[in-house]
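Every heavy atom of this structure was used, including side-chain atoms; hydrogens, water molecules and symmetry mates were not. Labels below follow one simple rule: chain letters A, B, ... track the order of the sequence lines, proteins then strands, and each chain is numbered from 1. A quick note: this is a predicted structure, and the numbers were derived from the prediction, not measured.
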There are 4 protein chains.
Amino acid sequence: MRETTINILEDVELSSPVFIEALPGIGHVGKLAADHIIDELQAVRFAELYSPSFPPQVLVDENGIVEPMKNEFYYLRDAGEDKRDYIILVGNTQGLSPEGQYEICGMILDFVEGYGVERIYTLGGLATGQPVEKARVYGAATDMELAESLKDHDVILRSADGGIIGASGLLLGMGRMRGMRGVCLMGETPGYFIDAEAARALLEVLLEMTKLQVDLEKLEERAEETRKMISRAQQMEQEMIDRLNLKPGEEDLRYIG
Amino acid sequence: MRETTINILEDVELSSPVFIEALPGIGHVGKLAADHIIDELQAVRFAELYSPSFPPQVLVDENGIVEPMKNEFYYLRDAGEDKRDYIILVGNTQGLSPEGQYEICGMILDFVEGYGVERIYTLGGLATGQPVEKARVYGAATDMELAESLKDHDVILRSADGGIIGASGLLLGMGRMRGMRGVCLMGETPGYFIDAEAARALLEVLLEMTKLQVDLEKLEERAEETRKMISRAQQMEQEMIDRLNLKPGEEDLRYIG
Amino acid sequence: MRETTINILEDVELSSPVFIEALPGIGHVGKLAADHIIDELQAVRFAELYSPSFPPQVLVDENGIVEPMKNEFYYLRDAGEDKRDYIILVGNTQGLSPEGQYEICGMILDFVEGYGVERIYTLGGLATGQPVEKARVYGAATDMELAESLKDHDVILRSADGGIIGASGLLLGMGRMRGMRGVCLMGETPGYFIDAEAARALLEVLLEMTKLQVDLEKLEERAEETRKMISRAQQMEQEMIDRLNLKPGEEDLRYIG
Amino acid sequence: MRETTINILEDVELSSPVFIEALPGIGHVGKLAADHIIDELQAVRFAELYSPSFPPQVLVDENGIVEPMKNEFYYLRDAGEDKRDYIILVGNTQGLSPEGQYEICGMILDFVEGYGVERIYTLGGLATGQPVEKARVYGAATDMELAESLKDHDVILRSADGGIIGASGLLLGMGRMRGMRGVCLMGETPGYFIDAEAARALLEVLLEMTKLQVDLEKLEERAEETRKMISRAQQMEQEMIDRLNLKPGEEDLRYIG
């Protein structure tokens, strides 16, 4: 495999779908939120993307079955109050090299543009490196109008020089150059564990903005587990950092590349 | 040399050969096991693979002769109780970059697919980072049926999120996408020396599963040496880590890329 | 996006323009100086360059709007006492990989050569790693005549083995191979904050050499802020180094690649 | 510049020239030795090689003139007792990436093969990481006959698993695959300064083997300076390591890639 490739599993026609991206990143916040939408609304997987810029490895699932590194496209039809179509991108990794990230994001945009996407939501986490009392949601946008609309949903605009690393940033930036409009939503998270609490905060904003209707009850269960994990996580963190000589947040960078 | 290339040294026809991969990795466990099979059963070298993604260096053998970085394909005919053919892949390195690993593994699968391979065994080590009392064997598979069969051979299924880094993982993951079935076997090892004891545990499972018949006596000799090495290795380890500022297992990552 | 591309925003004809490069680097010295010229003389943006070797991210501006990583070309007509044309290259990043840097600099030189550029100024910082009493300006040139002329402007010639990393060095070196002549000017800076003081010293030399007329008053304001920042920066530095395990100057290398 | 290129400066015909490679590496041992031969025997520069895999920078010479990163080919005609022709490769860098190193070494071998080269000497240093009483010379060869001949010149054969990193190893390994024969000579050196003493030891063996006649007097002067440098170097070493957090030998790896 020398090039990034997209395998289409089902031919679908969608009507001006909204594109939601949530590849793994800081605290797995975006991924957790998008996986929840996919599960609850039974989104349909219709394409998968493989890339030689992904980590050269496989994951192993709970049954001992190997799972290639990949990104997956799901669709939703007539979803939410607005009866809109959606394409949701999730996966177990992001590209490792800059060149890989640009190639992959370019192909993703080509692909979703083919379905008529004009509006993008990218989901991620914003690492604080320390415990978070109540997760806030930060955001950025491709234009002033969307940036203003973020404030209406109590989203804090990401301050200057912040930067958004990885696919969540790149898809917005490259999308904007093609005339696509969109926002990035980032749930505030300590960053060193899988943070369902940040995902819930993120989802609440996303559901408000998209008028999608998703039951958050199961996510709350996960969030509850997350809350219990916090104290253990805090103990484990220093230990992990000492053992692996990791800097806070660096473990996530492996996924963000 | 700009591209990975395979030089065929002997034209052979094989009948639905089983493919065994054992490139260098953690504790050299898989490589030690496969080299032992090759020596004992006098497997025949028939192709070699070179890649610009290999480390830019040569090794020097015990006679002072330089040896390029390469992977080598051997075959066995009518071997074991089942009289099956085998292709065994060994070598002194793996690709360094993700892109290199994907390219190399793709070419390896193209190559062995040409000989009719449908079944894969990949061999490796699982680093514990600390002394191992009695090496156990961990495994993963491309499907539930093979995963179940691993349990029959006392192989512990690799738990979720574990991941298998390098060619041992990638060949299974990419092979599965082509309809090949297989398992990865990993001998438990401290990870910081060449571990014949872990290789023996691995070989016992592999021989049981393949019904290959291989005398383990010489490996036992090497294992004995390994056992003697352990105490010295434990002393050396901290020293090495201090001196080279290595994290446990990191030295092996250089081979795994 | 698989290749570096230049988008031309305005077709212009220029007469033997002088080329000034000031991409972000140590202490943002060159960038600060060039951004100041662009603002004060109202240079016109006429082309932008995007590359898959740029960091895979976006920046966010003070309004929460995402900004892609890019390099931008501005022009000036009949500027300064000599009424010369100028092309000024600024941006928010440099290429990350060696291959990327060579490709980008080659394309930049192809591009400006098309406008008739024969003379180059590249601007940067020279990191001391410690507080600087009064910023001096260091320099290097493509030939002896220009090196001599630097001394007339109190520029200290960069001593042997020094090296100039990144676009400031590469554009001169690759330009020289095409018969272009030029100098690199480097403002002395501690290197760990945005250093307007070093930019002022650099600008004074550049204005003298080019006979460009630029009001430095606003830069003085920024320099004043910079001076106030110094004590805080010095406190923050050790903290930052401890926290992120950064070596002095290394944070800048991320921009220089 | 997207590809490695060789610019031919003078068309020459050579008769089965011997190829000597000495790109910068550990302790600059090989480079020092080859530069000395070039100076003393007035070898003629006839080609230069540029690569996008070289470090993205320029060096600055003692006059403040920028010098691109490059490799340079020199020739000697009817040199030494045997009246043989030689091609000598020196330079200020090596490729940084594995892929770059393989591409560059492949092009170098294509190039010198075109002149009829069948015999190769690659020169380098072997880092001990500590002071060296009297520099010994280590070696490796492409075949047993040449390995035996090394012993006749008091060269110690590099023991198994040693490895030769960079162009000195790769050119031998890749050359051997084309039927070229050769040896690598490595002068023993602490590795953390430019070591003329190790270069002298290396040169003595090389001159004996090639029957080239080169006055070592000026090298002795440099060696004398080197000896005086040792005590200062030893003091500086720990300081440097502490400051830059360098592991012994790692500074050289930047050149070896």
Chain D: which of [options] shares the most heavy-atom pairs with it under 4.5 Å?
options                   : value
A141(C), A140(C), C105(C) : A141(C)
L157(C), L150(C), L170(C) : L170(C)
M107(C), M144(C), M174(C) : M144(C)

Can you tell me if [X] has over 12 outside heavy atoms packed within less than 6.0 Å of its [atom1]?
X      : atom1 : answer
E48(D) : CD    : yes
D11(D) : CG    : no
E10(D) : CD    : yes

* Structure fact -> Residues G173(C) and P68(D): closest non-hydrogen pair is O-CG, 3.9 Å

* Heavy-atom distance under 4.5 Å to chain C: side chain of Y50(D), backbone, both or neither? -> side chain

* To do: With side chain to side chain contact (heavy atoms under 4.5 Å, CB included) as the test, would you mind laying out the steps for V58(D) and L172(C) before giving the verdict?
  => CA-CA 8 Å; V58(D) 291; L172(C) 272 198; 5.6 Å; no

* Which value, rounded to the nearest 0.5 Å, describes the distance between S51(D) atom OG and Y102(C) atom OH? -> 7.5 Å

* Asked: Distance from M177(C) atom CE to K70(D) atom NZ, nearest 0.5 Å?
  -> 8.0 Å

* To do: Could you walk me through whether R176(C) and I65(D) pass the side chain to side chain contact (heavy atoms under 4.5 Å, CB included) test, one step at a time?
  => CA-CA 10 Å; R176(C) 182 189 168 193; I65(D) 308 301; 4.1 Å; yes

* To do: Can you tell which part of E145(C) gets under 4.5 Å to a heavy atom of chain D, answering side chain, backbone, both or neither?
  => neither

* Do P98(C) and P56(D) come within less than 4.5 Å of each other through their side chains, counting heavy atoms only? -> yes

